[in-house]
Structures are given as C-alpha cells and as structure tokens.
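Below: one structure, written as structure tokens.
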Amino acid sequence: MTRRPRPQPPPGGLLDWGDSSHWDSRGPRPCRYCGGPTQLRDSKRSPAHKTCAEAALQQQAAEAADAYQNGQL
C-alpha cells in the first residue's frame with residue numbers, strides 16, 4: 001500500500017481553531033473569502049472558514065515570494 005502525500009500546510013503550519021473562541025453560536029454569517037455560510041470566526045472575529053483562511057495565507061505568501069524574487073520588496 002502506498003501512502004498519499006500530506007497536503008502542505010500554509011506558512012507557519014495549519015491554523016489551530018480548536019478552542020471555542022473561533023465558534024460563534026449566534027449563527028452563520030458569510031465567509032469573508034468565499035461568501036458561504038460559516039459559524040467560524042478568525043482571530044479578528046471576522047466570519048471565515050478555516051480552509052479559506054489557510055488558502056488566503058498561502059496566496060499571500062506566494063505573492064510576497066514572487067514580489068521578493070522580482071525585486072519589488
């Protein structure tokens with residue numbers, strides 16, 4: 001049996017949203033990234049899916065690396 005490679009975590013690793021501060025019991029609101037309903041909140045209490053936030057971090061890191069490579073930083 002062959003093992004599947006693990007997905008690469010965003011810079012700094014996977015986001016840990018295991019504590020209750022990331023859950024809003026008042027109900028779902030639109031995710032700030034995809035617009036889908038979520039009861040999860042990011043560290044600034046904005047509605048966001050964990051996977052959407054991780055994808056945004058990866059995109060930001062890629063853009064920063066590209067800007068660095070092109071001498072824009």
Answer yes if L57 and L40 sit in the same cluster of Ile, Leu, Val, Met, Phe, Trp and Tyr residues linked by side chain heavy atoms under 4.5 Å apart, and no otherwise. yes
Counting N and O atoms only, with roles assigned by atom type, does the side chain of R26 sit under 3.5 Å from a partner on the main chain of Q39, one being a donor and the other an acceptor? no
Quick one, Q58 with E54, criterion side chain to side chain donor-acceptor pair (under 3.5 Å). Give me CA distance, side-chain angles, the key distance, then yes/no. CA-CA 6 Å; Q58 285 180 328; E54 290 170 345; over 6 Å; no
Closest heavy-atom pair and its distance - A56, Y33: CB-CE2, 3.5 Å
Which residues pass the side-chain contact (heavy atoms from CB on, under 4.5 Å) test with H22, sequence neighbours left out? W17, D19
So, do R41 and S46 sit near enough that their side-chain heavy atoms are less than 4.5 Å apart? no
Option passing side-chain contact (heavy atoms from CB on, under 4.5 Å) with C31 (candidates P47, P37, C52): C52
So, for T38 and A48, which heavy atoms are closest and what is the spacing to 0.1 Å? CG2-N, 3.7 Å
